[in-house]
Amino acid sequence: MRGLILSRLAAFALTLIVASSILFVAVNVVPGSAARSALGIDATPQALARFEAQHGLDRPLVVQYAEWLGKTFTGDFGKSFQNGVDVGPELLRRLPVTLELAIFAFIIANLIALPLGAFAAMRHQRAADKGISLLASLLGAVPNFWLATLLVMVLTLHFRLLPPGGYTPFTVNPVMNLKQMIMPALSLGIVSSALLIRIMRTAMIEVLSSDYIRTARAKGAKEGIVVMRHAIRNAMTPYVNVAAVEFGFLFGSVVVIEDIFLLPGIGSFVLVGIINRDYPVLLASALTITLVVLIINLIVDIVVGRLDPRRVTRHQ
Amino acid sequence: MSEFRPHAQGAARPALAIRDLTVDFQRRSGALRTVDKVSLDVWPKEIVGVIGESGSGKTMTALSAMRLLPHGARIGGAIALGGRDLVDIGESEMRALRGDRIALIPQDAMQSLNPTMRVGRQVGEPYEFHRKQSYGAIWSKVVELLRAVKIADPETRARDYPHQFSGGMQQRAMIAMGLALDPELIIADEPTTALDVTVQARILKLLRDIRDERGSAILFITHELGIVAELCDWVYVMKDGKVVEDGPVKRIFEAPKADYTRMLLEATPSIHRRKGAKR
Amino acid sequence: MTTAARKPFNWRRWRLVVTGGTIVGTIMLLAILAPWVAPYSPFDLNVAQMLKGPSAAHLLGTDELGRDVLSRVIHAARLSMMVAVLASLVGLVFGTLIGTLAAYFGGIVDLVLMRLMEILFSFPAILLAIVLMASLGTSIFNAMIAIGIIFIPGFARLARATAESVLRQQYVEQARAIGMSHTRILVREILPNILAPLLVEAAVAFSYAVLLESALSFLGLGAQPPDPSWGNMLNTGRGFMGVAPWLSIVPGAAIFLTVLGFNMLGDGLRDAFDPQLRDE
């Protein structure tokens, strides 16, 4: 078990370093634009040069990268080009918003996918199965930002049930917080459930045709026990793997959804960074999202090991 | 067919009686008949072998008695467990019998144990499903059962997961599960195929002891003549979904009537030698 | 007299391909013929006809500048299809190259290339696209490049797996034995044999490209107004959700149908060519 965790941690560290350099190069590969964006179209060449020198943008890329990585490692994400505000504390303020959104959305996705996928498998090849499979294909083709727009149209403009956007911390007003979060979370969660329904269905079909399910029936187990106790646990191993990847995808998609619902999270911070060419902001927020995704994958790798007793004891 | 059948003497009725059983699978190209008018009896305390090659319908016949056929199978004919019809009763009535009055010991023990559940919990499930008992009472029954199937240190091993068991132990655990509630009939579907020869011999002895001590009748499905010779009282020979011949084991080996049985015997030289035939 | 028994057309096996193909074909055709089938120019302003609902003259209504929504949606299909095709092509070409080289040379080349692909793969796709847009600058051409780069790891993985199984075949051994050059073996022996699964994968990449492009344009990072794109139309439509809901419904429905069509086509092709599923 410890060997497993160590090897995963090593892979995680390597991935993080390479990923950070990819991000850095991607942002900085075209020189000169940051200064112009920060100072505006009318800036003199002297002013541009001064800006570049001031922020160290005139040095070789490798030097800039090393410095950035070193600082980032110590928790110093630099200052915004735009307003000179420290990026680090701002990130910390925004992270809970995005985490709440992503987790809420992920819960919705699973609440849809687990029962529907399992039920489709239990009705394999019958009408309910075909209907659920069709639903999954349809949901998988819906762009989440379109779904978000439609939800606002129906729930906000027509029925006047929910606010169109904005953010209130849960600690300040939990009811308002949930009212503002439900539509963003639904937009992400419903679309994500499409893939998860398919995965759950496939995993359950496989498990339900296995010999140990027949054993459970041969002992006189009721269908509910067959499914809940014997089948679902075994279907979870393949399911959790895919769900983790889907959570990463969902976490990446927050950019669009936060923009629509005016949520002050990391995703909208990415957008602020790119529109203003505010590289410290863009890099820090993109790296944070990547880091969260990688950490989730790491945790899941280890948790999946625990779900399957065969893998736990092999490492003992 | 009036050969002397010792177990039928003095018994009111067979533990299992199958009459004109048919099993059909719906295929797009039409119905596929895998079991064709099979009739067989298993009398109380009798070990009955069903022998045939793969595809002869022997496993389908056995699974019919549990009503655990794969999806899309259709049963015809009559099956009775201790005089009680099994074909037309509802699913919940059938469920009440499974694991209690009729049990299954499957072919591949490793695949037949749930990999994510401790062995003891799985062995205890028949109690849990059919007898209202406390968790502690069930657990002591489980330990007792594992000891009965000769698993060393049953208190500890009951907490193991299936992959921590050897192949022989996994099959013993399956047997423990099968005999948990002293069913009147145990269906054993090639339970020793996946095991090596020495383990196989011990498992067969265990089955014989169970019959002798607990009085369960056993329907033993196999493709190996050697096992039939060693274990069974009566044997049915199946081919292409039909019973070609049945009779007491000794007579079947010494004076087979059907050509197919003769062919089977000739293809298994060791038994011939043991029985003193030529070659 | 021919002896080959002609099997009847198996509708069950091909229904996804046919349905998806029909949707995709129709959209492709509309895209290609846009200037001729669109009833109006996508750019013609008509202040008198601002935000008019669907009518005989404007089947899908008009937008905030009085432009015909139907015509704009049809022209936007052009752009979406172009991005989808070219981005998939970028992913296909570079992914195949990387995957095949990794499989062919093995060892350290394989390790480094595929590790890098794994890492690229672990990025959330849309985030990577957005970051790439930062350095490339916001334009539809750059959106295409960014989406193409995102596709590389997926194609590389598939190419490597397929190429590995091809490499185990006898004829590759023979080609090596008679001293054929690396390039010749790669191009003549391996490439033709790994193309089929890659092309099926391309159908799925298409649908993803349509989604990503419209997301980027929705955020203002892709196609720039007044060029019509489903994404930027949807974004503009948000401002008029209450008075002109069709501005939000129509472009989103176009994205939905296109993605659905490509998904069905991709799934259908995969199933149809999967020998395990062939005779169910």
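Every chain is numbered from 1, with letters handed out A, B, ... down the list of sequences.
- When side chains are defined from C-beta on, C:Arg157 counts as touching C:Met114, because their heavy atoms get closer than 4.5 Å.
- Comparing A:Ile260, A:Leu250, A:Leu283 by heavy-atom pairs within less than 4.5 Å of chain C, the highest count is held by A:Ile260.
- Looking at A:Val142, both its backbone and its side chain come within 4.5 Å of chain C, counting heavy atoms on both sides.
- Heavy-atom pairs under 4.5 Å with chain C were tallied for A:Asn297, A:Ile289, A:Ile274; the largest tally goes to A:Ile274.
- Ranked by heavy-atom pairs shorter than 4.5 Å toward chain C, the options A:Val255, A:Leu282, A:Ile22, A:Leu147 are led by A:Ile22.
- By the 4.5 Å heavy-atom criterion applied to side chains, A:Pro184 and A:Leu263 are counted as neighbours.
- Neither the backbone nor the side chain of C:Ile149 comes within less than 4.5 Å of any heavy atom in chain A.
- Interface residue C:Leu260: backbone and side-chain heavy atoms are both found under 4.5 Å from chain A.
- Among C:Leu120, C:Val210, C:Leu234, the residue with the largest count of heavy-atom pairs under 4.5 Å with chain A is C:Leu234.
- Taking C:Leu128, C:Leu116, C:Asn263, C:Ile130 one by one and counting their heavy-atom pairs under 4.5 Å with chain A, the maximum is reached by C:Ile130.
- Looking at A:Asp129 and A:Arg201, their side chains come closer than 4.5 Å, going by heavy atoms from C-beta outward.
- Between A:Thr290 and C:Leu127, the closest side-chain pair of non-hydrogen atoms falls below 4.5 Å.
- Residues C:Met233 and C:Val69 are in side-chain contact: their nearest non-hydrogen atoms beyond the backbone lie under 4.5 Å apart.
- C:Glu213 is not listed as a side-chain neighbour of C:Met144, based on a closest heavy-atom distance of 4.5 Å or more.
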task = Give the intermediate values and the outcome of side-chain hydrogen bond (donor to acceptor under 3.5 Å, both in side chains) for residues C:Arg115 and A:Thr15.
result = CA-CA 9 Å; C:Arg115 189 73 222 174; A:Thr15 307; 3.2 Å; yes
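- Using a 4.5 Å cut-off between heavy atoms, C:Ser214 touches chain A through backbone and side chain atoms alike.
- Here the closest non-hydrogen pair linking C:Gly20 and C:Met264 is CA-CB, 3.8 Å.
- Of the N and O atoms on the side chains of C:Tyr208 and C:Ser88, not one donor lies less than 3.5 Å from an acceptor on the other residue.
- Here the shortest heavy-atom pairing between A:Leu91 and A:Ala284 reads CD1-CB, 3.7 Å.
- Your options are C:Ile119, C:Ile255, C:Asp267, and the one with the most heavy-atom pairs under 4.5 Å with chain A is C:Ile119.
- The choice from A:Ala141, A:Gly140, A:Gly252 that makes the most heavy-atom pairs within less than 4.5 Å of chain C is A:Ala141.
- Neither the backbone nor the side chain of C:Ser207 comes within contact range of chain A; no heavy atom of the residue lies under 4.5 Å from a heavy atom of that chain.
- Residue A:Leu23 touches chain C through both its backbone and its side chain, counting heavy-atom pairs closer than 4.5 Å.
- Interface remark: C:Ala146 contributes no atoms to any contact with chain A (heavy atom separation under 4.5 Å).
- Only the side chain of A:Val293 comes within contact range of chain C, with at least one heavy atom under 4.5 Å from a heavy atom of that chain.
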